[in-house]
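Note on naming: letters A, B, ... go to the chains in the order of the sequence lines (proteins, then strands), and numbering restarts at 1 for each one. Only this structure's heavy atoms are used, side chains among them; waters, hydrogens and symmetry mates stay out.
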Amino acid sequence: MPTLSLQTGNLLAADLSGFTPLMAMALAILFTLSWLIQTAEFAQIFRMLPRNAASKPMATGLHMATNLHQPLDWWDWSLQRADIPNPTWRRWADALYSPTGLRWQLWLRAGSGLALPWLVYLSFNCGLPSATALFLTVGLLLALQLLMLIRWRGAFNGGSDFMTLMVLLGLFIAAGVNLLSAPNRHPDLGWRAGFAFIALQAISSYFLSGSVKLLRPEWRNGRALTLFLNEAVRGPLPPGHWLRQAGLARLGSWAFILWECAFPLALLHAEWALLFCLVAAVFHFLVFWFFGLNRFFWAWLATFPAIIWCAAAHWN
Amino acid sequence: MVAAYGALLLLTLVFKGPILKGPWLFLLRSFFPNWKFFHAVGRVPHLYVRGFVGVKAAGKAAGKAPSEGWTDWQLVYPRRARGQGDLFHNAETNLLLAQQNLVDHFWADLVDLPDGADARQLVSFAMVDRLALNSTLAFWPEATQRQFELRMVLSDPKDTLGNNPADSETMLTTPVLPCQR
C-alpha cells in the first residue's frame with residue numbers, strides 16, 4: 001500500500017510505482033464525474049434551443065420576473081455563426097452545431113467520458129494497445145471540449161471551462177508521453193508529466209487569484225466580498241447575514257486570500273497537500289453555495305490527485 | 001524549484017504583456033486562462049429594457065403617471081434561488097451566468113469598436129438584442145415596441161443593484177425597436 005510520505009530524491013527518480021496508478025485512477029474518475037455533469041447540463045440546455053424549443057421551455061430567472069418560460073433564441077447558432085471568421089470553417093460549424101451534430105457530440109462526450117477511467121486502468125497493465133486507445137480517447141475528449149467552447153463563444157462557464165481544458169491537456173500530455181515512451185518499460189512516465197502540468201495550473205489558479213485580491217484595498221478591507229456576494233446569482237445577502245458585518249467580512253477575506261496565496265506550499269509535503277486540498281474542497285463548496293458555480297467544484301476537485309501526487313513525489 | 005515557480009508567478013503579477021486579439025483567439029481563449037477571479041470592484045455592465053405598452057397600461061403597471069406609454073426601465077439580471085441537487089445538475093443557473101457573460105462581452109466589444117463603427121454589426125449585439133426582446137416580452141407581453149440600454153453600474157453597498165442612477169453611466173441606448181421575433 002503506498003504511503004503519502006515518500007522520501008525520494010526527485011520527480012523523475014521517485015519510486016511511485018503503486019502511488020501513480022492510484023492517483024491516475026482518482027484523477028480519471030473525478031474528471032469523468034465532472035465531465036458527465038457538464039454533459040448532462042449541456043443536454044438539457046440544447047433541448048431549449050430554437051430548433052428544438054418545442055420540446056420543453058426553461059425558466060429564465062430574470063430579475064424581478066418569475067415563472068417565465070421562453071425559448072433560448074439568443075443562443076441560436078444562426079446568430080453565433082458569424083463568429084467563425086472563415087467561410088469554409090463556418091460551413092463545417094453549421095453541420096457540427098446542427099441539432100443532429102450536437103446530439104452526436106453529446107453522445108460522444110458521454111461515451112468517451114465513461115471510457116476514460118477504464119482506459120487509464122488498462123494503460124497501466126496492458127501496454128501499447130491500451131496506451132494507444134487512451135491517447136485517442138483523450139484526443140477525442142479534447143476535440144469535443146473545444147467544439148463545445150466554440151459553441152458558447154469561447155467559454156460557457158468561465159473558469160471551470162478553463163480548468164476542464166487544462167486537465168484534459170494534462171491527460172493528453174500523460175497519454176502522449178506514455179505512448180511515445182514504450183509503455184511496457186515506463187508505464188508511468190507520462191503521468192509524471194501530466195500530473196506536473198495539472199498541478200501547476202491548479203496551484204497557479206489559487207495563488208494568482210489570491211494575489212490579485214491581496215493587491216486590492218477593497219478586498220483587504222472585506223468590502224469586495226460583501227459586494228460580490230450581493231451581486232451573485234444567489235444574492236443579495238439577507239439583511240442580518242454575518243458577512244454584512246465589516247469586521248467578519250474582513251476576517252473572511254483575509255482568511256481565504258492568505259490560504260490561496262500560501263497554496264504553493266502544498267508542494268512541500270504530501271500531508272500539507274492533503275490539508276490544502278481538503279480546505280479547497282470546502283472553499284469550492286462555499287463558492288457553489290453563494291455563487292451557484294457547481295462546475296467549479298467538480299473541475300477543481302479533479303485536479304487534487306495531481307497536486308497530492310506532486311507533493312508526494314517531493315518535488316523540490 | 002518551488003521557489004523558482006513562486007517567483008515566476010509573482011513576475012506575472014508585476015509585468016503585463018500586450019493583449020493579443022483575434023476571432024480565433026477569442027473563441028479559443030480557454031487555452032490561456034488568467035485565473036484572476038472576482039478581483040476588481042468597479043462599474044459592471046447591466047442590461048436594461050423597457051417596452052411600449054400604451055398610455056393606459058403603462059400608467060397602471062407603474063402605479064403612476066405614464067411616460068407617453070413607455071414602462072420604466074427594467075433590469076435584466078440573473079437571480080435564482082438554490083435548488084436541491086444543484087451541486088450535481090445546475091443547468092438553469094449556469095445558463096443565467098452565461099447570459100450575464102454575454103452582456104459583459106457585449107460591453108467589451110463596444111469598448112473595442114472603432115469610432116463611428118455601427119454596433120449592430122457585432123455578433124454580441126445581435127445576441128443581446130434577442131435577449132432584450134425576449135426579456136421585454138417576458139416582462140410585458142402586450143408590448144409593441146421596445147428599447148434596451150447597456151449601463152455601467154457601480155457596485156454599491158446598498159444592494160440597489162444598479163437602481164441608483166447617480167452611480168451608473170449609459171454606454172448604449174438603442175432606437176425604438178419593434179417587438180417582433
Side-chain angles (χ1 to χ4, degrees), chain A residues 37 40-41 44-45 58-65 68 70 72-76 79-80 82-83 85 146 149-150 152-159 161-162 165-166 204-205 207-209 211-213 216 218 223-224 226-228 230-231 233-234 236 264 267-268 288 292 294-295 297 315-316, chain B residues 1-2 5-6 9-10 12-13 23-24 26-31 33-41 44 74-82 86-99 101-102 105 123-124 126-128 130-131 134-135 137-139 155-157 159 161 181:
Chain A
I37 285 170
E41 290 182 347
Q44 188 188 349
I45 290 166
M58 177 186 276
T60 61
L62 298 172
H63 185 49
M64 302 286 288
L68 303 174
Q70 55 192 256
L72 298 170
D73 57 359
W74 55 92
W75 288 113
D76 191 355
L79 299 177
Q80 276 177 261
D83 272 333
L146 287 177
L149 292 177
I150 290 171
W152 294 100
R153 306 195 77 224
F156 173 66
N157 200 223
D161 292 327
F162 303 160
L165 191 64
M166 292 304 118
S204 301
S205 73
F207 180 78
L208 288 173
S209 180
S211 302
V212 292
K213 290 181 180 70
R216 310 287 303 200
E218 63 269 25
R223 187 171 154 265
T226 314
L227 288 176
F228 280 116
N230 280 331
E231 292 209 341
V233 71
R234 305 279 191 247
L267 288 174
L268 296 178
F288 153 71
N294 66 318
R295 290 174 171 228
F297 180 84
W315 190 29
N316 54 25
Chain B
M1 198 155 188
V2 175
Y5 165 58
L9 287 180
L10 284 174
T12 63
L13 288 173
W24 284 112
F26 174 71
L27 293 174
L28 300 175
R29 66 185 182 281
S30 289
F31 278 107
N34 68 10
W35 307 126
K36 294 173 184 173
F37 305 123
F38 300 111
H39 65 289
V41 172
V44 288
Q74 177 68 55
L75 176 62
V76 179
Y77 195 79
R79 291 289 202 207
R80 187 173 178 272
R82 248 172 240 114
D86 276 357
L87 186 61
F88 295 93
H89 189 78
N90 202 11
E92 294 187 21
T93 301
N94 284 315
L95 194 62
L96 288 172
L97 295 169
Q99 173 185 304
N101 282 344
L102 171 63
H105 286 150
V123 174
S124 55
M127 295 176 71
V128 170
R130 199 73 73 87
L131 169 63
N134 277 277
S135 304
L137 290 174
F139 287 126
S155 304
D156 71 293
D159 309 336
L161 203 61
R181 288 185 194 277

Peer 1: Tell me, side chain or backbone of B/N101 under 4.5 Å from chain A's heavy atoms, or both, or neither?
Peer 2: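 The side chain, not the backbone.
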Peer 1: Need one label for A/F297: side chain, backbone, both or neither, based on atoms under 4.5 Å from any heavy atom in chain B.
Peer 2: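 Only the side chain of A/F297 comes within 4.5 Å of chain B.
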Peer 1: First locate atom CZ of A/R234, then atom CG of B/D86, and finally report the distance between them rounded to the nearest 0.5 Å.
Peer 2: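 It is 5.0 Å, given to the nearest 0.5 Å.
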Peer 1: Quick one: does any side-chain atom of A/D161 pair with a main-chain N or O of B/S30 as donor and acceptor, under 3.5 Å?
Peer 2: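 Checked: no pair found.
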Peer 1: Going by ring-ring contact (aromatic ring centres under 6.0 Å, His included), name the residues that satisfy it together with B/F26, two or more places apart in sequence or in a different chain.
Peer 2: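 For B/F26, the residues satisfying ring-ring contact (aromatic ring centres under 6.0 Å, His included) (neighbours in sequence not counted) are B/H105.
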Peer 1: Within this structure, what is the CZ-CZ distance for the pair A/F162 and B/R29, rounded to the nearest 0.5 Å?
Peer 2: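 Between A/F162 CZ and B/R29 CZ, I get 6.0 Å after rounding to 0.5 Å.
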Peer 1: For chain A, find which of B/L28, B/T93, B/L102 contributes the most heavy-atom pairs closer than 4.5 angstrom.
Peer 2: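 Of the candidates given, the most pairs with chain A belong to B/T93.
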Peer 1: Which bit of B/L87 is near chain A, if near means a heavy-atom gap under 4.5 Å: side chain, backbone, both or neither?
Peer 2: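 For B/L87, the contact with chain A is made by backbone and side chain together.
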Peer 1: Starting at CG of B/N34, measure out to OG of A/S209 and round the result to the nearest 0.5 Å.
Peer 2: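 Going from the CG atom of B/N34 to the OG atom of A/S209 covers 9.5 Å.
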Peer 1: Would you give the length of the straight line joining atom CZ of A/F156 to atom CG of B/L97, rounded to the nearest 0.5 angstrom?
Peer 2: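 Reported to 0.5 Å precision, the distance equals 8.0 Å.
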Peer 1: Quick one: what part of A/R216 sits under 4.5 Å from any heavy atom of chain B, side chain, backbone, both or neither?
Peer 2: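 Answer is side chain: those atoms of A/R216 sit under 4.5 Å from chain B.
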Peer 1: Measure across A/M166 and B/W35 and return the closest heavy-atom pair with its distance rounded to 0.1 Å.
Peer 2: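 Nearest pair, atom of A/M166 first, then B/W35: CG-CZ2, 4.0 Å.
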Peer 1: Please classify the contact of A/E218 with chain B as side chain, backbone, both or neither, using a heavy-atom distance under 4.5 Å.
Peer 2: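 Side chain of A/E218 only, per the 4.5 Å heavy-atom cut-off to chain B.
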Peer 1: Side chain, backbone, both or neither: which part of A/L208 has a heavy atom under 4.5 Å from chain B?
Peer 2: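 For A/L208, backbone and side chain are both near chain B.
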Peer 1: Between A/L146 and chain B, which part of the residue has a heavy atom less than 4.5 Å away: side chain, backbone, both or neither?
Peer 2: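 A/L146 touches chain B through side-chain heavy atoms alone.
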Peer 1: Might you point out which heavy atoms bring B/R79 and A/P236 nearest each other, and give the distance in Å?
Peer 2: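 It is NH2-CD, 3.5 Å.
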Peer 1: To the nearest 0.5 Å, what is the distance between CZ on B/R130 and CG on A/D76?
Peer 2: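 So the CZ of B/R130 and the CG of A/D76 are separated by 5.5 Å.
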Peer 1: Shortest non-hydrogen contact from B/H89 to A/N294?
Peer 2: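 Minimum heavy-atom contact is N-ND2, 4.2 Å.
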Peer 1: Looking only at non-hydrogen atoms, find the nearest pair between A/W74 and B/M127 and report the distance.
Peer 2: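 Minimum heavy-atom contact is O-CE, 3.1 Å.
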Peer 1: Any chance you could lay out the side chain to side chain donor-acceptor pair (under 3.5 Å) test for A/N157 and B/N94, step after step, and finish with the verdict?
Peer 2: CA-CA 7 Å; A/N157 200 223; B/N94 284 315; 3.3 Å; yes
Peer 1: List the residues meeting side-chain hydrogen bond (donor to acceptor under 3.5 Å, both in side chains) with B/S124, not counting sequence neighbours, and say none if there are none.
Peer 2: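 Only B/D109 meet the side-chain hydrogen bond (donor to acceptor under 3.5 Å, both in side chains) criterion with B/S124.
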Peer 1: Mind listing the closest non-hydrogen atom pair of A/Q44 and B/A91 along with its distance?
Peer 2: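 Between these two residues, the closest heavy atoms are OE1-CB, 3.3 Å.
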Peer 1: Please classify the contact between B/A98 and chain A as side chain, backbone, both or neither, with a heavy-atom cut-off of under 4.5 Å.
Peer 2: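 The answer is both parts of B/A98.
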Peer 1: For A/D83 versus B/L27, what's the shortest heavy-atom pair and its separation?
Peer 2: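 Residues A/D83 and B/L27, closest heavy atoms: O-CD1, 3.9 Å.
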